[in-house]
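Here the structure comes first, spelled out in structure tokens, and everything after it is commentary.
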Amino acid sequence: QVQLVESGGGLVQPGGSLRLSCAASGTIFAINAMGWYRQAPGKERELVATFPSGGSTNYADSVKGRFTISRDNAKNTVYLQMNSLKPEDTAVYYCNARVVLSTSYRSLEVWGQGTLVTVSS
């Protein structure tokens with residue numbers, strides 16, 4: 001009923017930038033929060049940044065000052081602007097949304113399929 005589609009991943013050199021996008025679609029009544037997580041090879045998934053509706057953004061310490069999360073509520077889209085990328089940022093980045101379904105008003109956590117970001121020279 002609800003899908004998240006990420007885009008914008010790819011290969012970038014250290015110090016470069018990428019912008020990830022995630023668009024939500026489906027029977028959505030409301031999106032209470034959207035955010036980004038990542039999972040590097042051999043590591044567990046970790047939070048990168050979140051943007052609750054009506055709330056303040058928050059970031060992992062490792063990306064503060066370099067990454068910026070933003071939302072376009074009219075498009076049900078969340079973005080992650082990544083600057084000054086480092087090799088340790090290499091990971092699969094997953095979009096996440098906490099959604100209220102329009103059909104039932106039930107809450108649902110939805111994940112995107114992931115987009116690979118590789119930071120390497």
- Task: Could you tell me which residues satisfy side chain to side chain contact (heavy atoms under 4.5 Å, CB included) with V110, sequence neighbours excluded, listed by chain and number?
- Result: V2, L4, V99, L108
- Any disulfide bond (SG atoms under 2.5 Å apart) pairs touching residues 58-121, not counting sequence neighbours? C22-C95
- Heavy-atom nearest pair, P14 first then S121, reads CD-N, 3.7 Å
- V119 backbone acceptor or donor facing T90 side chain under 3.5 Å: yes
- Evaluate the side-chain proximity of S120 to L11: yes if any heavy-atom separation is below 4.5 Å, no if none is. yes
- Query: Closest heavy-atom contact between I31 and A97?
  - Reply: CG2-CB, 4.3 Å
- Message: Nearest 0.5 angstrom please: L18 CG to L85 CG, how far?
- Response: 5.5 Å
- Item | Qualifying residues under side chain to side chain contact (heavy atoms under 4.5 Å, CB included), relative to S53, sequence neighbours excluded | R71
- Would you please name every residue forming a side chain to side chain contact (heavy atoms under 4.5 Å, CB included) with T103, sequence neighbours left out? Q1, T27, L101
- Task: Give every residue pair that meets the ring-ring contact (aromatic ring centres under 6.0 Å, His included) criterion with at least one member in residues 48-84, sequence neighbours excluded.
- Result: none
- Can you list the other members of the hydrophobic cluster that holds W111, where links are side-chain heavy atoms under 4.5 angstrom apart? Y37, L47, V92, Y94, L116
- Note on the structure: Rounded to the nearest 0.5 Å, the CD atom of Q81 sits from the CG atom of L20 at a distance of 8.5 Å
- Enter the distance from T50:OG1 to N58:CG here, rounded to the nearest 0.5 Å. 3.0 Å
- May I have all residue pairs that pass disulfide bond (SG atoms under 2.5 Å apart) and include part of residues 57-94, sequence neighbours excluded? none
- Query: Any salt bridge (charged side-chain N to carboxylate O under 4.0 Å, His left out) pairs touching residues 98-114, not counting sequence neighbours?
  - Reply: none
- Mind checking side chain to side chain contact (heavy atoms under 4.5 Å, CB included) for S56 and listing every partner two or more places apart, or none if nothing turns up? none
- Which pairs with one or both residues in residues 4-20 pass side chain to side chain donor-acceptor pair (under 3.5 Å), sequence neighbours excluded? E6-Q113, S17-N83
- Query: Do V12 and M82 come close enough that some side-chain heavy atom pair is under 4.5 Å?
  - Reply: no
- Query: Which atom pair, heavy atoms only, marks the closest approach of P52 to A33?
  - Reply: CA-CB, 3.8 Å
- Gap separating the OH atom of Y93 from the CG atom of L80, nearest 0.5 angstrom: 7.0 Å
- Item | Remaining members of hydrophobic cluster (4.5 Å side-chain criterion), V100 | F29, Y105
- Note on the structure: Residue pairs passing the salt bridge (charged side-chain N to carboxylate O under 4.0 Å, His left out) test with at least one member in residues 46-63, sequence neighbours excluded, are R38-E46, D61-K64
